[in-house]
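Let me begin by presenting the structure, written as structure tokens, before commenting on it.
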Amino acid sequence: MLYLERMSILRQLLNEYRLGDMTARYEMDEEKHTGLTLYPAGMPLPDIEKREAVDSLVQIKLTCDAAQGCFAPGNTMRGSETVNKMKFLSQDVKERADDTEIITVLGDDRGYTVCHHLHWTKGMPYTDIFCEFQNHGKNSAQLELFSSFSIERISPYLEGDGHGCLTVHRLRSRWSQEGCLESLPLERLQLDTSWNRDSVRCERFGQTGSLPVNQFFPWVMAEDTVNGIFWGAQLYHGASWQIELFRKDENFAVSGGLADREAGHWMKTVNPGETFVSPKAVLTVCRTDSLDAAAHRLVQSQKEALKHLPEAEEELPLVFNEYCTTWGNPSHENIVKILDAVKDKGFTYFVIDAGWYKQEGGSWDAGMGDYEVSRELFPDGMEKTTAAVKAAGLKPGIWFEFENAGPASKIYNCTEHLLKRDGFALTTSRRRFLDMNDPWVIRYLDERLIGMLKRYGFEYLKTDYNDTIGIGCDGCESLGEGLRRNIAGTQDYFRKIAQEIPGIVIENCASGGHRLEPGFMALSAMSSFSDAHECEEIPVIAANLHRAVLPRQSQIWAVIRKTDSLKRIAYSIASTFLGRMCLSGDVTELSEAQWEVIGRGTAFYKKIAPVIKEGISLRYGPQISCIRHPKGWQCLLRLGVNGKGFAVIHTFDGKLPQRIDIPLPEDCVCSVEEIYSDTQENVSAEGGMLRYVPLENRKAVAVYLDMKASGTAE
């Protein structure tokens, strides 16, 4: 019988491992195909006979092997002949004091093996997974699919195909609309089984290009709505990626990793004796009634990377950025005026944004790439300006978009050092792109970027990236591999900056929040949440991002205009409580009353900073169907580990309820310690609820909570 038509066969238990409150179960069928199931440790698997074929924990395809039939080509490259040939060889468990690593090895008779690594750190609510392809054969192997993870049997607690009981959650993303939650039952994605249990059903989603959240976040949750169980996964990858929701019979599986040949124009040649390693994925499973609580488990994995942060970041200091003050026209003269307005206002960093290098009469984006200080804007040099910043008691920061070049720059025409596609310099209407694996480019950046940071004593670097190269570039065996390697070169340069300038704070920005994936987050102290700087939807976007990134790394802008009412200022300032506060705008023209509202907001931010830094976020309120035009209300409740917490409530357009009730932790005596708004607000903590009486649309109120019992987050 052909493998394409392989019928369901009995499976047997290979091994089970307890990983805190999770269990990893490895099963194998009679042909030694091996699958991985994750389930809550406190919920033993029921005695439901499952005869569906094992869905392999390794999803891989070589160009020389046949694709799965059953209408798979064009929809998915999973379940190929390569997968069918991969049989179980061994499993090794390495137990250490604080962690466990399970290495499962599959191989075929050609000498190709895949080592599947599952790593769990004691006490953590997630596990790391990656795969390693090893060529022990005599011939080169060309990969066109290689996933980081694949888990099956979602959900083992449901009979049949789980009709009506499975929901998929994912985070959609567009420019200035990052992190929009989409929740759909499997049937809406046409992932219910076919009548003969033989037609492939697959939803392959992701993004193609160098902006990793430019359509979706590399994040997914699958929910068993009957039993209240969530399976979650998040990829660490800054280039093209994909996640696949797959079923052929009743076995629903989820896999993800590098975007394959069909989705990402990716192929990789691995010669005899060589190895290729997939990006890392983080997975979790838990029983809860809250999507936010499940997402929190994934986000916790990003805390590991915070160990590299400078000591200055411990207090989550405030940032001032002059971009929305000068709009790409910074000069020594206007910076001195801004400094007079913001000094002694509680800020730590003062960031000089785009345009400090621009040519006379040009725009900030056209001239970027050469990065020579403008003599017109800084006639006495940058030394005088950074000295003024320091004299005002602030730490100087500066903006670079070091991977790209504008058309008015000299380097724009140095095509031998730029990325190419089909032999031509890869060009968009606004950018060309440096080859981050070219030694000449690295030397150039060492001089223009690292050299400048050292020369003028900058302590903060904002890195931006305002376009995407799309499917990839020349220089490797495929365009997608060229893209992957170039992004790896960029990330290596991030590491070099941190190594060369110990203690520097790096901000990761890419058209706002389009590099909000864990790999880039791990290389920076904070990231821009979005480019929606002055929009009313800021709190909606900022709250959504709590499901994907640590709020302590999510930089939220409050752009204050001289025409803003006190109510509008409080609305903007309260939005920054959902992450890291950054201020910009008409600060040289504000009244004392406007500064008073800002000042109370910065003081409130500093009070809640420990809870921003460490806690769990829960969102309440009706679903916002249109981010651009939000209606109704939302509350972001953040529960800390220190007996403190806070809530930020925003009201939008539309009819509001007479009273908003937010459930507080059970068995906990909560009291309102402080309220921030532009006016006195009717907010109280009683009967296990935070109660707020909203009187106006487009309003914000923040509440600092004291919780004197055992109900705070762990």
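FYI, side chains are in, hydrogens and waters are out, and symmetry mates aren't considered; it's all heavy atoms of this structure. Please read these numbers as outputs of a predicted model, since none were measured by experiment.
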Exercise. Angle class for the F320/F350 ring planes (parallel below 30°, perpendicular above 60°, tilted otherwise)?
Worked result: parallel
Exercise. So, N334 versus T326: side-chain donor-acceptor pair below 3.5 Å or not?
Worked result: no
Exercise. Does one side chain, of S478 or H265, offer a donor that lies under 3.5 Å from an acceptor on the other?
Worked result: no
Problem set entry | Any pair counted as salt bridge (Lys or Arg N to Asp or Glu O under 4.0 Å), so long as it reaches residues 353-367, sequence neighbours left out | D353-K462
Problem set entry | Q499, CD: over 12 other non-hydrogen atoms inside 6.0 angstrom | no
Problem set entry | Trace of the side-chain contact (heavy atoms from CB on, under 4.5 Å) decision for H546 with V299 | CA-CA 8 Å; H546 282 232; V299 173; over 6 Å; no
For this session: Evaluate the side-chain proximity of I598 to L590: yes if any heavy-atom separation is below 4.5 Å, no if none is.
Result: yes
Exercise. Does a salt bridge link E459 with K390, judged by any charged N lying under 4.0 Å from a carboxylate O?
Worked result: no
Problem set entry | Shortest non-hydrogen contact between A700 and S677, atoms and distance | O-OG, 2.9 Å
For this session: Output the distance between atom OG (S554) and atom CE (M526), rounded to the nearest 0.5 Å.
Result: 10.5 Å
Exercise. What pair of heavy atoms forms the shortest contact from S173 to H514, and how long is it?
Worked result: OG-NE2, 4.3 Å
Exercise. Is there a donor-acceptor pair closer than 3.5 Å between any side-chain N or O of W241 and the backbone N or O of P212?
Worked result: yes
Problem set entry | side chain to side chain donor-acceptor pair (under 3.5 Å) assessment of K303 paired with Q300 | CA-CA 6 Å; K303 291 169 62 177; Q300 291 308 290; 3.3 Å; yes
Problem set entry | Stacked cation flag K280 on Y236, 6.0 angstrom / 45 deg | yes
For this session: Return the minimal non-hydrogen interatomic distance between K613 and E314, and the atom names on each side.
Result: NZ-OE1, 2.6 Å
Exercise. What residues, two or more places apart in sequence or in another chain, satisfy salt bridge (charged side-chain N to carboxylate O under 4.0 Å, His left out) together with R172?
Worked result: E182
Problem set entry | Q177 versus W175, side-chain donor and acceptor atoms under 3.5 Å | no
Exercise. If you measure from CZ on R170 to CD1 on I243, what distance do you get to the nearest 0.5 Å?
Worked result: 9.5 Å
Exercise. At what distance, to the nearest 0.5 angstrom, does CD1 of I624 lie from CG of L181?
Worked result: 11.5 Å
Problem set entry | Partners meeting side chain to side chain donor-acceptor pair (under 3.5 Å) with T468 (sequence neighbours left out) | S210
For this session: May I ask you to decide whether E315 forms a salt bridge with K606, counting only side-chain N to carboxylate O separations under 4.0 Å?
Result: no
Exercise. Just by distance, do the side chain of Q207 and the backbone of A239 share a donor-acceptor pair under 3.5 Å?
Worked result: yes
Problem set entry | Main-chain N/O of M436 paired to N486 side chain as donor or acceptor, under 3.5 Å | yes
Exercise. Side chain of E507, backbone of T463: donor and acceptor closer than 3.5 Å?
Worked result: no
Exercise. Residues two or more places apart in sequence or in another chain: which of them pass ring-ring contact (aromatic ring centres under 6.0 Å, His included) with W440?
Worked result: H417, Y444
Exercise. Taking all non-hydrogen atoms of both residues, which atom of P630 and which atom of V540 are closest, and how far apart?
Worked result: CB-CG2, 4.2 Å
For this session: Taking atom CD of E333 as the centre, report whether more than 12 heavy atoms of other residues, nucleotides or ligands fall under 6.0 Å from it.
Result: no
For this session: First locate atom OG1 of T208, then atom CD of Q242, and finally report the distance between them rounded to the nearest 0.5 Å.
Result: 9.0 Å
Exercise. Got a second to check how far K454's NZ is from D446's CG, nearest 0.5 Å?
Worked result: 8.0 Å
Exercise. Counting only heavy atoms not in R430, do more than 12 sit closer than 6.0 Å to its CZ atom?
Worked result: yes
Problem set entry | Contact list for residues 366-377, test salt bridge (Lys or Arg N to Asp or Glu O under 4.0 Å), sequence neighbours left out | E372-R448
Exercise. S565 side chain to R568 main-chain N or O, any donor-acceptor pair under 3.5 Å?
Worked result: yes
Exercise. Taking the six-membered ring for Trp, are the ring centroids of F402 and Y493 within less than 6.0 Å of each other?
Worked result: yes
Exercise. With a 4.5 Å heavy-atom cut-off, do I504 and Y460 have their side chains touching?
Worked result: no
Problem set entry | Under the ring-ring contact (aromatic ring centres under 6.0 Å, His included) test, residues paired with F433 that sit two or more places apart | none
For this session: Sequence neighbours left out, what passes side-chain contact (heavy atoms from CB on, under 4.5 Å) with K343? Give chain and number order.
Result: D340, A392
For this session: Indicate yes or no: does R485 engage E481 in a salt bridge with an N to O separation below 4.0 Å.
Result: no
Problem set entry | Set of side-chain contact (heavy atoms from CB on, under 4.5 Å) partners for E304, sequence neighbours left out | K307
Problem set entry | Ring centers of W364, W399 separated by less than 6.0 Å | yes
For this session: State, without any angle test, whether Q553 and S527 hold a side-chain donor-acceptor pair at a distance under 3.5 Å.
Result: no
Exercise. Of all residues at least two apart in sequence or in a different chain, which pass the salt bridge (charged side-chain N to carboxylate O under 4.0 Å, His left out) check with K345?
Worked result: none
Problem set entry | Results of ring-ring contact (aromatic ring centres under 6.0 Å, His included) for F205 - residues two or more places apart only | F216
Exercise. Rounded to the nearest 0.5 Å, how far apart are OG1 of T602 and CG of L318?
Worked result: 6.5 Å
Exercise. What heavy-atom pair brings I612 and P551 nearest, and what distance separates the two atoms?
Worked result: O-CG, 3.8 Å
Exercise. When you measure from the side chain of S584 to the backbone N and O of C324, does any donor-acceptor pair fall under 3.5 Å?
Worked result: yes
Problem set entry | From CA spacing to verdict: ring-ring contact (aromatic ring centres under 6.0 Å, His included), Y676, Y605 | CA-CA 10 Å; Y676 171 77; Y605 168 85; over 10 Å; no
Exercise. Which pairs with one or both residues in residues 396-409 pass salt bridge (Lys or Arg N to Asp or Glu O under 4.0 Å), sequence neighbours excluded?
Worked result: E401-R431, E403-R515
Exercise. Is any NZ, NE, NH1 or NH2 atom of the basic residue among K420 and D474 found under 4.0 Å from an Asp or Glu carboxylate oxygen of the other?
Worked result: no
For this session: Answer yes or no: is there an ion pair linking D564 with R561, defined by an N-O contact shorter than 4.0 Å?
Result: no
Exercise. How about F400 and Y371: are their ring centroids closer than 6.0 Å?
Worked result: yes
Problem set entry | Any donor-acceptor N/O pair, R638 side chain to G615 backbone, under 3.5 Å | yes
Problem set entry | Expected output: side-chain Q302 to main-chain A548 donor-acceptor under 3.5 Å | yes
For this session: May I ask you to decide if S240's main-chain N or O and R484's side chain share a donor-acceptor pair within less than 3.5 Å?
Result: no
Exercise. Are F646 and F577 close enough that their ring centers fall under 6.0 Å?
Worked result: no
For this session: Considering non-hydrogen atoms only, spot the tightest contact between E178 and S530 and give its length.
Result: OE1-OG, 2.7 Å
For this session: Not counting sequence neighbours, which residues clear ring-ring contact (aromatic ring centres under 6.0 Å, His included) with H650? List them please.
Result: Y571
